[in-house]
Amino acid sequence: MKKSRISIVLSAVIASSMMASAISVTGCSHNASDAKSTSAGVSQAGNEQEILLEDFENASLPSTYQKRDIDINLTKTDGVTQGKQAAKLLFDSSVEDSVLEITPETPWDFTSLGNMNLAFDATNTSDVSVQLYVRVKDKNYQSQLRSMIIPANSSETYYIDLSGEQISRDSGLRADPPAWPSDDFRMPYMNGEKLLDLSGITTANFYISTNLEDKSIVLDNIRARSNPEIDSTYLVGLVDEFGQPAKSNYKNKVKSDAHLKQLAKEELADLAANPVLPDRSKFGGWKNGPKLEATGYFRTEKVKGKWYLVDPEGYLFFSSGLANIRIANTTTLTGVDFKDDAVRYIDPEDVTPEDSLGIRPVSADAQKTRFVSSDLRHKMFNWLPEYDDELANHYSYRRSTHKGPLAHGETFSFYQSNLERRYGERYTESFIDDWEDVTIKRQRSWGMTSFGNWVDKEFYQKNQFPYFANGWIIGDFKTVTADGHGWSPMPDPYDPEFTRRAAVTTKVIADEVQNNPWCIGVFIDNEKSWGNPANINSHYRIPVQNFLMDAAESPAKQVFMKMLQDKHGTIEKLNATWGSSIASWASFAKGYKVEEITDGMIPDMSMILEAYTTQYFDVVDKALTAVMPNHMYMGVRMAAWSINPEGVRAAKKYVDVMSYNYYREGMHDAVWHFLPEVDMPSIIGEYHFGAMDTGLYHPGLIHSSDQADRARGYKAYMRKVIDNPYMVGAHWFQYTDSPVTGRAYDGENYNVGFVSNADVPYTEMVEAAREINTELYPRRFNGQEK
């Protein structure tokens, strides 16, 4: 049975320690039934060739195939897919990852196919959707990860394109539209090496990760195929004048200014009919629950075995909200740039990183130096305003990007332009004031209790809705590694310049907050890469990479070296422990390459990593406490791929609330077993679910089959968090969808908003939020008496 939806992808951010055992596949598709078999095992349909790799028709799986925490039954297909037999993969929800690793006796050689894709048939026999990950690895140990949602009770063909113009081109989108028409579903790229060595593909892993329910899919007919002819216009005309997917139709797609205003009118009536929930205190706490000591500011307390936030009036508080409510991430690169270098000037004393800046207009003089820097990107838009158009005020400029084909360039915010269309402009940027007012009304009506991280600072002094302040420590301080590490090189917290910049940043935050009791706490920085505990090399990457540096240029290396000298004394004792042959402490100071992390090194690596993370949190905590003593330090929102014991232990010494970004189906018991030992109030800083039924080409990090399935995922995730005694909140990322053509910073083009790029709420998400937030406090307190 065919489902009318588009394939889905997982992003690089999620390749985490908790998915270390996973590996993935790629492919493109046309039906194997259309091909005629040849004696060589290669079939051909027209000019397109196909190699059947596995049809599961044998009596048992080959001995080279590996199973990890998965049951596999060879089952009759009953006409679901071609052939008489297929593999039924049974996924156990009690384990973190369930993996089938397909390893041919001899590496597959796909070079004869030319530009090609890897395809397979999948039938979901479960009553809920299944997010399937596929990782393909070549003989050079390079791998690529893809992901796709398999809707409940559906059967489809899925593919991963492994070579061709469409996979080698960098369009600036996290996921492109399919490059040719097909009834099959393309699994968008997630992470890894895009161009693998197709002369030697060694493994293809199929897996799922941290599922909350037992699930199963039937896998069949894994095949390599040559690609059909590419549609030369597949990247042309992607976006309409409202910033919507131009080539798709869906519910509540805006057709005109009048239609946008009508949808706004209907929503405002709904918000008026559904005001704030009756059990809420002034600050959003549980008015019907126990009342504790009122301190005038938010704080934490453990009540009857469960951690809570406590609002300024003393009511129990749980932070349910949306992150990234700001204009900063709504801009997309237009493919235009300016020869005037003044537009790229960055003040070294800036405290706001590029991706957190709002609209930054380009001067009229600079506009005269305009030129098209990327014809490819410029042709993605069906409409962009002229510089004298009344909507030209939504142009901005990005001075640097994290990834993509353009290092900088002009941007446009369709989202902000739609706000002006929706509300009009009674005075300069009155539509922003109207947006802020409606945004607060939405949060209350939807039952949210606070904003999440990265809310526009204009909300800080409105004194209407609780929020978290935020800031970044950026500047010209030294780093502990010479290369990037996750989002950016990791700072050297032993450098006095880092301490100075921490003080500068926290002073700015304090000036913005003004000791406001509506501020719950402060997040500083984001997803720092302490080290991925998936394997020993990624876990201890910081000390290993830092050892390569010259101690004369690295304050951290000096500290680490002294720690080793204090512990071991002589270089001979260090060598005996490590199994190394370092000539002297002097040579170690100049730079030392760790060829292999031995068992004897691990205690020292762990000691150094914990010292490093401790120093970071100590510096930030002291800077924040000095200027904001009444507000909680919320930590750094550790990414799932960088939650290691050393970082957790260090954070616990300083933060008031532990914070984690966790993009999974839900809080899996196998992952969060450490919470009782830490015994701290904890919060989820980011999670989301996305689909592709509204025309966006990438669903986000965790996938759903449609908007109703997104709502189902949201409710299941929130209930696991609410029921956990250590959790005090969870924040959905984010308020708005990403731009169709990718956010300017890194190309993310996800359907993860509660509202579309036209500022139209997704009804299914709104209804789900109202359901969850209505039950929030009674469920959290578990019906216990006051």
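A side chain to side chain contact (heavy atoms under 4.5 Å, CB included) with Val239 is found for one member of Thr741, Thr332, Asn382 and no other, namely Thr741. Tested against His731, the residues Tyr687, Phe451, Trp454, Phe468 include a single ring-ring contact (aromatic ring centres under 6.0 Å, His included) partner, Phe468.
Annotation: cation-pi geometry not satisfied between Arg444 and Phe465 (NZ/CZ under 6.0 angstrom from ring centroid, within 45° of ring axis). A cation-pi contact links Arg421 to Trp383, judged by a cut-off of 6.0 Å to the six-membered ring centre and 45° from its axis. Remark: Arg664 qualifies as a cation-pi partner of Tyr662 under the 6.0 Å distance and 45° angle criteria applied to the six-membered ring.
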TODO: Given side chain to side chain donor-acceptor pair (under 3.5 Å), test Asn532 with Asn644 step by step and report yes or no.
DONE: CA-CA 7 Å; Asn532 186 340; Asn644 61 37; over 6 Å; no
TODO: Apply side chain to side chain donor-acceptor pair (under 3.5 Å) to the pair Asn526 and Arg637, showing each step before the final yes or no.
DONE: CA-CA 6 Å; Asn526 182 56; Arg637 305 195 314 161; 2.8 Å; yes
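The ring of Phe318 has its center no closer than 6.0 angstrom to the ring center of Tyr308. Here Tyr460 and Tyr467 bring their ring centres to under 6.0 angstrom of each other. With ring centers used as reference points, Trp307 lies 6.0 Å or more from Phe317. Phe298 and Trp518 have their aromatic ring centers separated by at least 6.0 angstrom. Between Phe431 and His394, the ring centre distance stays below 6.0 Å. Ring centroids of Phe689 and His703 are separated by 6.0 Å or more, keeping the two rings apart.
Asp759 and Val755 make their closest contact through OD1-CG2, 3.9 Å (heavy atoms, listed as atom of the first residue, atom of the second, distance). Minimum interatomic distance between Met680 and Val655 (heavy atoms only, all atoms of both residues): CE-O, 3.3 Å. Heavy-atom minimum distance, Arg377 versus Ser171: NH1-O, 3.0 Å. Closest approach of Arg770 and Thr774 over heavy atoms only: O-OG1, 2.6 Å.
Counting only distance, with no hydrogens or angles, the side chain of Ser704 and the backbone of Gly713 share no donor-acceptor pair below 3.5 Å. Judged purely by atom type and a 3.5 angstrom limit, Asn749 has no side-chain atom pairing as donor or acceptor with the backbone of Arg743. With hydrogens and angles disregarded, no donor-acceptor distance shorter than 3.5 Å links the side chain of Ser642 to the backbone of Met638.
Using cut-offs of 30° and 60° on the angle between ring planes, the pair Tyr415 and Tyr735 is perpendicular.
Classification of Lys251 and Glu764 as a salt-bridged pair holds, one side-chain N sitting under 4.0 Å from a carboxylate O. Salt bridge absent: Glu665 and Lys720 never bring a charged side-chain N and a carboxylate O closer than 4.0 Å. Taking a cutoff of 4.0 Å between a charged side-chain nitrogen and a carboxylate oxygen, Lys441 and Asp437 qualify as a salt bridge. Under 4.0 Å is where a charged nitrogen must lie from a carboxylate oxygen, and between Arg442 and Glu267 at least one such pair does.
Side-chain contact of Glu410 with Thr334: a donor-acceptor pair under 3.5 Å is present, judged by distance alone.
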